[in-house]
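A short worksheet on the structure shown next.
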2 protein chains.
Amino acid sequence: MNAPGDNLLEQIVRLKSELRKSDQRVAEVVLARPQEAVDMTLATLATAAGVSEPTVIRFCTAVGCDGYRDFRTKLARSLAFARSTSHTAISAGDDLGKIVTKIFDYNLSNLHWAQTHLDSRQVAAAVDVLAGARRIEFFGFGASGIVALDAQQKFPLFGVPCGAPLDPHQMFMTAEMLGTGDVVVAISNTGHTVQILQATEVARNRGARTIGITGAAGTELTKHCDIALIVETLENTDIYTPTVSRLSHLVLIDILSTAVSLRRGGPHHDRLAEMKQGLARLRTSDTQI
Amino acid sequence: MNAPGDNLLEQIVRLKSELRKSDQRVAEVVLARPQEAVDMTLATLATAAGVSEPTVIRFCTAVGCDGYRDFRTKLARSLAFARSTSHTAISAGDDLGKIVTKIFDYNLSNLHWAQTHLDSRQVAAAVDVLAGARRIEFFGFGASGIVALDAQQKFPLFGVPCGAPLDPHQMFMTAEMLGTGDVVVAISNTGHTVQILQATEVARNRGARTIGITGAAGTELTKHCDIALIVETLENTDIYTPTVSRLSHLVLIDILSTAVSLRRGGPHHDRLAEMKQGLARLRTSDTQI
DNA sequence: TCCAAATCGGTAGCATTACTACATCAATGA
DNA sequence: TCATTGATGTAGTAATGCTACCGATTTGGA
């Protein structure tokens, strides 16, 4: 669950309530103005929080750091990601530069978040199933449909026929035709999209293995799946903020396809290399259309 | 060109050749083992590099830092992204955990790289053109085709009809039908895909404005475009490493659509909000298919 | 080839900064 | 009310980072 470089700011938020009173004052200052805090000296931070220097040190150890120096580097590191997690909402007054920064930052933070919260064991289980598949179908609508298509494009890596029906009827029909040895990868960030749930259930009843990619544990989708890959995303209540989940989903597809491809090994890779070369030739070929 | 949090490691690599001899020794140590360097004290780093302490300080100022302390925090910050830029190649012996880490890190680094190297003025120009469009067509094949589809899905944000022909023939036909007031967004990471070049040229001759999204300046594609959006990616020679460019492209599409949507303002947003709510209802509606 | 100039690198001392031991104060329960 | 425990600040100490200065090395010109 926890990656090595676990976010310090997150840690502080989590522990804040069970800290000593003075330590909480320090925590407030750090959380309120982390960008400034990272440049402060021990004494400066102490006065800024209205406490003594040893208190600040005690605070550092309390949040899992090895002294003030360590605290500072860890804070700097977590700031690289979370710099704008606090106020990412895009407002109508933002100029273009701000929009660029916010959207990039938001996506970066989100990707990092997904990384630290991804359960490797579930991924391993998914790779096992996919590596043994006879055929793979990817189900998704809207933004998740894009992800499904992307996955389907990677079928050379998976090494078996892959499909991605975008039309609900087609999806349903495809599900009906699946059987033992086939695998369904159902993608739905909300985990509530009814057609996906139905199609997945049908496929499972026919004997196919089902893998779900969704945004939170315990959604409807996970009940219909043998393996649930939870890709956590930061909350997104803002109307302007675009769908960030699909980036994490795409990365997950990358991981799955790469892992499956590696599992196949040897001759499979030679053919991959040839395929890539052929593709390059195709791109630049001057064939008139 | 340069974002505020410009990567320190990158800076060091860039300046390394024109540094003093002893400073280069420091640079080598830092670049070789950045993870350890960030935890070193001034004296430790000095002995590790085989130089004196003042030399290390001079090195710090030479690379644009304000003393050793500042150097350390900046290094920590840049490490959050670039932790594994040096050895990202995925090898057959990697276990799943390593694959997960490497692919995430690679995508994160790459996204950050794209952010710092994106030219805001070009983006601004693109937003201007898109905001005034009567119709927008997105051209792309393969991974870029996915991006085109994603963009096309965002047409409610763009506020005008959007298309994304995936078939080369359809693309060509679409291009022939365009005219003044229409806009083509051509997506090709290599910038050499012939069919894209041809279709874009056709559209331009018919009077459409053309925007190119590509991986490097000076590619063929840029010659056919009024506005070139260069999305730089880290090199990728490895056969296993998946296409990272498409993530950056997707983020760029997010930025464009959001900026255009904001430009439209007022009533447009109310309709967006309604649309989002309606979509939520559609997802959970129990309509049998 | 030699000398002058300039740059580079190191020594030593200084100022700042982080840390620790101890004392005081506040809160809580008997 | 008093004793006990835990939290907080004071003062002193060790370390770390920084600067002034001096010697060494290199470079360019006669």
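These numbers come from the heavy atoms of this one structure, side chains and all, not from hydrogens, waters or symmetry mates. Letters go in sequence order (proteins before strands), and every chain restarts at 1. What you are looking at is a predicted structure, and each value in this text was computed from that prediction instead of being measured.
- Computed from coordinates, the A:Gln24 CD to D:dT8 C1' distance equals 15 Å when rounded to whole Å.
- Partners of B:Asp95 by side-chain hydrogen bond (donor to acceptor under 3.5 Å, both in side chains), not counting sequence neighbours: none found.
- Applying the side-chain hydrogen bond (donor to acceptor under 3.5 Å, both in side chains) criterion to B:Glu220, with sequence neighbours excluded, gives B:Lys223.
- Regarding B:Asp39, its CG atom lies at a distance of 13 Å from the P atom of D:dT16, rounded to whole Å.
- For DNA chain C, the contact window with chain B, defined by any atom under 4.0 Å from a protein heavy atom, covers C:dC8 to C:dT17 in 5' to 3' order.
- If you run salt bridge (charged side-chain N to carboxylate O under 4.0 Å, His left out) between A:Asp23 and each of A:Arg20, A:Arg25, A:Lys21, only A:Arg20 comes through.
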Ignoring hydrogens and angles, write down the donor-acceptor pairs under 3.5 Å from the side chains of residues 49-60 of chain B, residues two or more places apart or on other chains.
| from | atom 1 | to | atom 2 | distance (Å) |
| --- | --- | --- | --- | --- |
| B:Ser52 | OG | B:Thr55 | OG1 | 3.1 |

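- For the OP1/OP2 pair of D:dA15 and a distance below 4.0 Å, the side-chain nitrogens and oxygens of B:Thr41 include no atom meeting the criterion.
- Rounded to an integer number of Å, the gap from CZ of A:Phe59 to C1' of D:dG9 is 18 Å.
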Report task. Report the C-alpha distance between A:Ile213 and A:Ile253 in whole Å, list the side-chain angles of each, state the deciding distance to 0.1 Å, and finish with yes or no for side chain to side chain contact (heavy atoms under 4.5 Å, CB included). Result -> CA-CA 10 Å; A:Ile213 299 180; A:Ile253 295 290; 4.1 Å; yes
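- Looking at heavy-atom distances under 4.0 Å, A:Arg69 makes contact with sugar-phosphate atoms alone, never a base.
- Looking at A:Val38 and B:Arg77, their side chains come closer than 4.5 Å, going by heavy atoms from C-beta outward.
- Mapping A:Arg72 and B:Pro54 onto DNA chain C via the closest heavy atom, the residue that lands nearer the 5' end is B:Pro54.
- Salt-bridge check for B:Asp39 with A:Arg69: failed, with every basic side-chain N at 4.0 Å or more from each acidic carboxylate O.
- Here the C1' atom of nucleotide D:dA20 and the CD atom of B:Glu53 are 15 Å apart, to the nearest Å.
- In this structure, CG of A:Asp70 is placed 14 Å from P of D:dT16, rounded to the nearest angstrom.
- B:Asp70 meets the side-chain hydrogen bond (donor to acceptor under 3.5 Å, both in side chains) test with B:Lys74; sequence neighbours excluded.
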Could you go through nucleotides 4-7 of chain D and list every protein N or O atom that sits under 3.5 Å from one of its N or O atoms, giving the distance for each pair?
none

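- Looking at A:Leu229 and A:Val123, their side chains come closer than 4.5 Å, going by heavy atoms from C-beta outward.
- In this structure, CG of B:Leu42 is placed 11 Å from P of D:dT19, rounded to the nearest angstrom.
- Separating the CD1 atom of B:Ile57 from the P atom of D:dT19 is a distance of 7 Å, rounded to the nearest angstrom.
- If you take CZ of A:Arg25 and P of D:dT8, they are 8 Å apart, rounded to a whole angstrom.
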